[in-house]
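Quick notes on the structure that follows.
Since we're looking at a predicted model, the values are computed, not measured.
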Amino acid sequence: MDDDPHGFDPADYVMPQDVARYFTHPGWHILVDDVRERHVSGAAGAHHSLDR
């Protein structure tokens with residue numbers, strides 16, 4: 001871990017673009033890789049408006 005005040009390092013996590021890069025090998029074809037708007041009016045996670 002680093003000295004980030006939030007207590008985590010984003011580099012410790014696998015992000016969608018990391019997975020997409022991994023599957024560029026012959027035999028793999030990514031059909032959809034986009035960002036979609038999410039409509040959530042309340043509760044946990046409502047502040048996340050874009051999903052990948």
Side-chain angles (χ1 to χ4, degrees):
M1 292 262 174
D2 60 6
D3 295 327
D4 185 8
H6 296 287
F8 73 96
D9 181 0
D12 290 338
Y13 297 88
V14 177
M15 302 303 290
Q17 59 269 25
D18 299 324
V19 175
R21 269 194 305 271
Y22 180 79
F23 289 109
T24 59
H25 302 293
W28 289 93
H29 304 282
I30 297 174
L31 301 177
V32 177
D33 182 18
D34 62 359
V35 176
R36 300 178 186 192
E37 190 171 355
R38 184 193 322 187
H39 300 282
V40 179
S41 60
H47 63 283
H48 298 284
S49 61
L50 297 175
D51 286 335
R52 184 161 187 98

query = Are Y22 and M15 co-members of a hydrophobic cluster defined by side-chain heavy atoms under 4.5 Å apart?
reply = no
Within one Ile-Leu-Val-Met-Phe-Trp-Tyr cluster: Y13 and F23, side-chain cutoff 4.5 Å = no
request  = Please name all residues satisfying ring pair (Phe, Tyr, Trp, His ring centres under 6.0 Å) with H29, sequence neighbours left out, ordered by chain then number.
outcome  = none
inquiry  = Testing the basics here: between A20 and I30, what is the closest heavy-atom pair and its distance to 0.1 Å?
reply    = O-CD1, 3.5 Å
message = I need the full list of salt bridge (charged side-chain N to carboxylate O under 4.0 Å, His left out) pairs touching residues 13-27, with sequence neighbours left out, sorted by first then second residue.
response = D18-R21
